[in-house]
J.: 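Can you read through this structure? Questions will come right after.
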Amino acid sequence: MNWLKEIQWDDQGLVPAIAQESGSGKILMMAWMNREALQLTAESGHAVYWSRSRRKLWHKGEESGHQQVVKAIRLDCDGDVVLLEVEQKGGIACHTGRHNCFYRELQGETFVEILPVIKDPNEIYK
């Protein structure tokens, strides 16, 4: 696992990970990864993240079914951000039921929701 040594982990042993949709290039979400999450992602071909709030590994789609199949893992020039090129299963990456987590846009002095809810989160997370 020498490649893991190339990553500039923060003082908590984490690195930000951006999930980008394969094909469209849209940014779906940002999450955190620790060494184990990144290693499991590389081995399994499915995105695994570290939940800072729950303090545990989070297999994307484990509850919702909206898995991310990893097509490529990239590292930025400084070695401190990981980019995952993914196929987003079910078309929903955000826990709010939207296609991606970046659904609010600053318009003037207000953030406005610009993406619709595809599926009610209450139906996703029963």
Side-chain angles (χ1 to χ4, degrees):
M1 299 295 152
N2 284 337
W3 60 273
L4 288 169
K5 293 177 184 174
E6 294 185 43
I7 296 169
Q8 301 300 310
W9 306 97
D10 71 9
D11 58 355
Q12 296 176 327
L14 301 174
V15 65
I18 298 168
Q20 180 182 38
E21 189 172 42
S22 181
S24 76
K26 289 184 180 178
I27 302 300
L28 298 175
M29 57 177 277
M30 180 274 175
W32 295 94
M33 294 179 126
N34 63 9
R35 288 177 192 266
E36 185 179 7
L38 186 51
Q39 183 175 344
L40 286 170
T41 297
E43 290 172 356
S44 70
H46 287 86
V48 179
Y49 300 105
W50 174 256
S51 172
R52 294 183 304 167
S53 60
R54 295 177 290 189
R55 309 229 12 105
K56 68 175 194 167
L57 291 175
W58 158 43
H59 295 254
K60 179 66 176 158
E62 65 190 353
E63 293 180 33
S64 66
H66 301 138
Q67 296 182 342
Q68 292 176 342
V69 178
V70 178
K71 304 296 185 180
I73 299 174
R74 298 193 181 108
L75 186 60
D76 79 329
C77 56
D78 295 323
D80 60 359
V81 178
V82 170
L83 176 69
L84 302 179
E85 183 181 327
V86 302
E87 175 189 344
Q88 180 63 59
K89 296 295 185 179
I92 297 172
C94 186
H95 74 281
T96 65
R98 291 175 174 85
H99 178 65
N100 67 63
C101 296
F102 299 97
Y103 61 90
R104 295 180 283 189
E105 179 177 270
L106 184 61
Q107 296 180 4
E109 295 184 17
T110 306
F111 279 102
V112 177
E113 294 182 1
I114 60 168
L115 295 178
V117 172
I118 296 169
K119 188 170 186 179
D120 184 334
N122 294 320
E123 293 178 31
I124 298 170
Y125 304 99
K126 295 180 183 178

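We count residues from 1, following the sequence as given.
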J.: Would you say the side chain of Pro16 lies within less than 4.5 Å of the side chain of Met30, judging by non-hydrogen atoms?
T.: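 Met30 reaches Pro16 side chain to side chain.
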J.: Let me see the working for Val48 and Lys60 under side-chain contact (heavy atoms from CB on, under 4.5 Å), right down to the final yes or no.
T.: CA-CA 6 Å; Val48 179; Lys60 179 66 176 158; over 6 Å; no
J.: Verify the cluster assignment for Tyr125 and Ile118: are they in a single hydrophobic cluster under the rule of side-chain heavy atoms below 4.5 Å apart?
T.: yes
J.: Is the shortest heavy-atom distance from the side chain of Gln8 to the side chain of Asp78 under 4.5 Å?
T.: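 No - every pair of side-chain heavy atoms lies 4.5 Å or more apart.
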J.: Only one of Leu28, Ile27, Val86 clears side chain to side chain contact (heavy atoms under 4.5 Å, CB included) with Gln20; which?
T.: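 Only match with Gln20 under side chain to side chain contact (heavy atoms under 4.5 Å, CB included): Ile27.
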J.: Would you find a donor on one side and an acceptor on the other, under 3.5 Å apart, between the side chain of Thr110 and the backbone of Val112?
T.: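 It does not hold such a pair.
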J.: So which heavy atom on Trp58 is nearest to which on Met29, and how close?
T.: CH2-CE, 3.6 Å
J.: Of the non-hydrogen atoms in Thr96 and Val117, which two are nearest, and what is the gap between them?
T.: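 What the structure gives for the nearest pair is O-CG1, 3.8 Å.
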J.: Return each pair, listed once, that meets side chain to side chain donor-acceptor pair (under 3.5 Å) where at least one residue sits in residues 23-35; pairs must be two or more places apart or across chains.
T.: Glu21-Ser24
J.: For atom CZ of Arg54, is the number of surrounding heavy atoms from other residues, nucleotides or ligands below 6.0 Å larger than 12?
T.: yes
J.: Report yes if some heavy atom in the side chain of Gln88 is under 4.5 Å from a heavy atom in the side chain of His66; otherwise report no.
T.: yes
J.: Tyr49 versus Met33: any side-chain heavy-atom pair under 4.5 Å?
T.: yes
J.: With a 4.5 Å heavy-atom cut-off, do Glu113 and Arg104 have their side chains touching?
T.: yes
J.: Among all residues two or more places apart in sequence or in another chain, which pass the side-chain contact (heavy atoms from CB on, under 4.5 Å) test with Glu6?
T.: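 Leu75.
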J.: Between the main-chain N or O of Val81 and the side-chain N or O of Asp76, is there a donor-acceptor pair closer than 3.5 Å?
T.: yes
J.: Taking all non-hydrogen atoms of both residues, which atom of Leu115 and which atom of Arg98 are closest, and how far apart?
T.: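 Reported closest heavy-atom pair: O-NE, 3.0 Å.
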J.: For the residue pair Asn122 and Asp120, what are the closest heavy atoms and their distance?
T.: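 Minimum heavy-atom separation between Asn122 and Asp120: N-OD1, 2.8 Å.
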J.: Run the side-chain contact (heavy atoms from CB on, under 4.5 Å) check on Leu14 and Trp9 step by step: do they pass?
T.: CA-CA 5 Å; Leu14 301 174; Trp9 306 97; 5.6 Å; no
J.: With a 3.5 Å cut-off and no angle check, do the side chains of Glu85 and Ser22 form a donor-acceptor pair?
T.: yes
J.: Taking all atoms of both residues into account, what is the closest heavy-atom pair of Gly97 and Pro121, and its distance?
T.: N-CG, 4.2 Å
